[in-house]
Amino acid sequence: MPEVIAGIAIPDTDLVREATSLVRDVADDTIFNHSRRVFLWGALKSAARGREVDLELAYVGGLFHDLGLTSAYATKDRRFELDGAEAARTFLLEHGRSEQDSRNVWLAIALHTTPEVPLHLAPEVAVVTLGVETDVLGLDLGEITEQQRTEVVAAHPRPDFKNRILQAFYHGMADRPDTTFGTMNDDVLAHFDPSFQRKDFVEIIQNNAWPE
């Protein structure tokens with residue numbers, strides 16, 4: 001019998017159970033509970049906006065979106081979003097999902113820190129951004145009822161979440177600062193590390209190798 005939280009039935013499939021087990025094994029409570037909430041908020045908002053979503057794909061997108069912040073999946077030379085995206089794509093292909101389905105979840109995770117763009121793509125891409133924007137930024141909370149919020153947070157609590165997720169972001173990116181260029185992630189490094197030097201897009205253009 002599927003688990004139901006705030007009216008959202010979590011798919012009762014081997015794929016979902018294995019995804020849950022994988023993330024539970026490598027992520028702490030902050031990342032795990034956040035990832036489950038991202039799935040639930042995204043599913044609730046998608047429903048409120050009349051967008052049909054494959055909940056199995058949405059679940060993997062939500063659960064895997066921050067895997068790149070964990071020591072088990074973090075690399076040293078690429079954006080953390082890509083670490084999770086690659087892990088999700090491989091996982092889905094190994095579980096028999098199509099290349100297109102796997103690619104959509106890859107995009108959902110790879111683009112989840114890129115504002116606006118994912119919302120114009122497939123529902124399985126948009127759903128992760130909708131969930132992340134809700135849980136981290138508190139955007140459009142009015143689309144989720146007070147009762148739904150209560151039920152989701154009861155299942156997956158948010159103790160000191162704002163501070164804890166910022167620390168998770170920082171520790172997941174501190175040793176690969178160059179990968180944050182062109183993203184909002186450099187705001188995190190600049191906040192916690194006074195020695196961090198942002199790359200300036202304008203200066204890169206002005207000082208590049210093209211002669212004038």
Side-chain angles (χ1 to χ4, degrees), residues 2-12 16 19-20 23 27-69 80-81 84-85 88 104-170 172 182-188 190-191:
E3 180 183 12
V4 179
I5 301 173
I8 300 297
I10 297 172
D12 187 18
V16 164
T20 304
V23 178
D28 64 14
D29 287 346
T30 296
I31 293 294
F32 179 75
N33 284 319
H34 163 59
S35 299
R36 290 263 293 192
R37 291 194 306 271
V38 162
F39 161 71
L40 292 163
W41 302 138
L44 287 165
K45 280 191 170 179
S46 294
R49 297 181 184 199
R51 303 194 79 184
E52 292 188 14
V53 178
D54 182 320
L55 289 182
E56 196 173 57
L57 296 180
Y59 189 83
V60 173
L63 266 284
F64 280 56
H65 85 279
D66 274 347
L67 270 189
L69 298 175
F80 85 88
E81 300 95 318
N104 278 340
V105 176
W106 188 97
L107 286 169
I109 298 172
L111 294 175
H112 81 266
T113 59
T114 303
E116 192 174 355
V117 173
L119 304 183
H120 294 272
L121 301 177
E124 288 74 27
V125 179
V127 66
V128 174
T129 290
L130 287 173
V132 169
E133 289 180 345
T134 302
D135 207 48
V136 178
L137 303 177
L139 299 184
D140 299 317
L141 279 175
E143 293 181 30
I144 297 169
T145 69
E146 188 65 41
Q147 181 63 32
Q148 289 169 335
R149 282 187 241 171
T150 298
E151 290 184 29
V152 170
V153 174
H156 296 289
R158 292 172 48 99
D160 195 29
F161 176 69
K162 294 178 183 180
N163 290 319
R164 291 184 181 186
I165 197 62
L166 285 170
Q167 286 295 322
F169 291 154
Y170 175 66
T183 78
M184 64 186 73
N185 296 329
D186 66 358
D187 289 337
V188 176
H191 180 84

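Side-chain atoms are counted along with the backbone in the values below, which use heavy atoms only and exclude waters and symmetry mates.
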Legend entry - Residues which pass ring-ring contact (aromatic ring centres under 6.0 Å, His included) with Phe39, listed by chain and number, not counting sequence neighbours: Tyr59
Inset, instruction - Give every residue pair that meets the ring-ring contact (aromatic ring centres under 6.0 Å, His included) criterion with at least one member in residues 132-160, sequence neighbours excluded. - result: none
Inset, instruction - Of all the heavy-atom pairs spanning Ile109 and Ala85, show the shortest one and how long it is. - result: CG2-N, 3.5 Å
Legend entry - Distance-minimising heavy-atom pair for Ala9 and Pro2: CB-CB, 4.4 Å
Using residues 116-130 as the side-chain source, report each donor-acceptor pair under 3.5 Å to any protein atom, sequence neighbours left out, with the distance given to one decimal.
residue, atom, partner, partner atom, Å
Glu124, OE2, Asp54, N, 2.8

Inset, instruction - Considering non-hydrogen atoms only, spot the tightest contact between Leu69 and Gly172 and give its length. - result: CD2-CA, 3.9 Å
Legend entry - Heavy-atom closest pair, residues Val60 and Val105: CG1-CG1, 4.3 Å
Inset, instruction - Give every residue pair that meets the salt bridge (Lys or Arg N to Asp or Glu O under 4.0 Å) criterion with at least one member in residues 152-166, sequence neighbours excluded. - result: Asp135-Arg158
Inset, instruction - Just jot down the salt bridge (Lys or Arg N to Asp or Glu O under 4.0 Å) partners of Arg149, sequence neighbours excluded, or say none. - result: Glu146
Inset, instruction - For the residue pair Gln167 and Thr30, establish whether any side-chain heavy-atom pair is separated by less than 4.5 Å. - result: no
Inset, instruction - Sort and list the pairs that fulfil salt bridge (Lys or Arg N to Asp or Glu O under 4.0 Å) and have at least one residue in residues 40-52, not counting sequence neighbours. - result: Arg49-Asp140, Arg49-Glu143
Legend entry - salt bridge (Lys or Arg N to Asp or Glu O under 4.0 Å) partners of Glu133, counting only residues at least two apart: none
Legend entry - side chain to side chain contact (heavy atoms under 4.5 Å, CB included) partners of Pro115, counting only residues at least two apart: Met184
Legend entry - Side chains of Asn185 and Phe80 in contact at under 4.5 Å (non-hydrogen atoms): yes
Legend entry - salt bridge (Lys or Arg N to Asp or Glu O under 4.0 Å) partners for Asp28, two or more places apart: none
Inset, instruction - Please name all residues satisfying ring-ring contact (aromatic ring centres under 6.0 Å, His included) with Phe161, sequence neighbours left out, ordered by chain then number. - result: His34
Legend entry - Asp66: partners by salt bridge (Lys or Arg N to Asp or Glu O under 4.0 Å), with sequence neighbours left out: none
Inset, instruction - Kindly compute the distance separating CD1 (Ile31) from CG (Asp29), expressed to the nearest 0.5 Å. - result: 10.5 Å
Inset, instruction - Sequence neighbours left out, what passes side chain to side chain contact (heavy atoms under 4.5 Å, CB included) with Gln148? Give chain and number order. - result: Ala6, Leu44, Ile144, Thr145
Inset, instruction - Report yes if the side chains of Ile10 and Arg36 come closer than 4.5 Å at any heavy-atom pair, otherwise no. - result: yes
Inset, instruction - Apply the side chain to side chain contact (heavy atoms under 4.5 Å, CB included) test between Thr134 and each candidate in Val38, Val152, Leu141, Leu40; give the one that qualifies. - result: Leu141
Inset, instruction - State whether the side chain of His191 and the backbone N or O of Val188 hold a donor-acceptor pair below 3.5 Å, judged by distance alone. - result: no
Legend entry - Shortest non-hydrogen separation from Glu56 to Pro11 and the atoms involved: N-CG, 3.8 Å
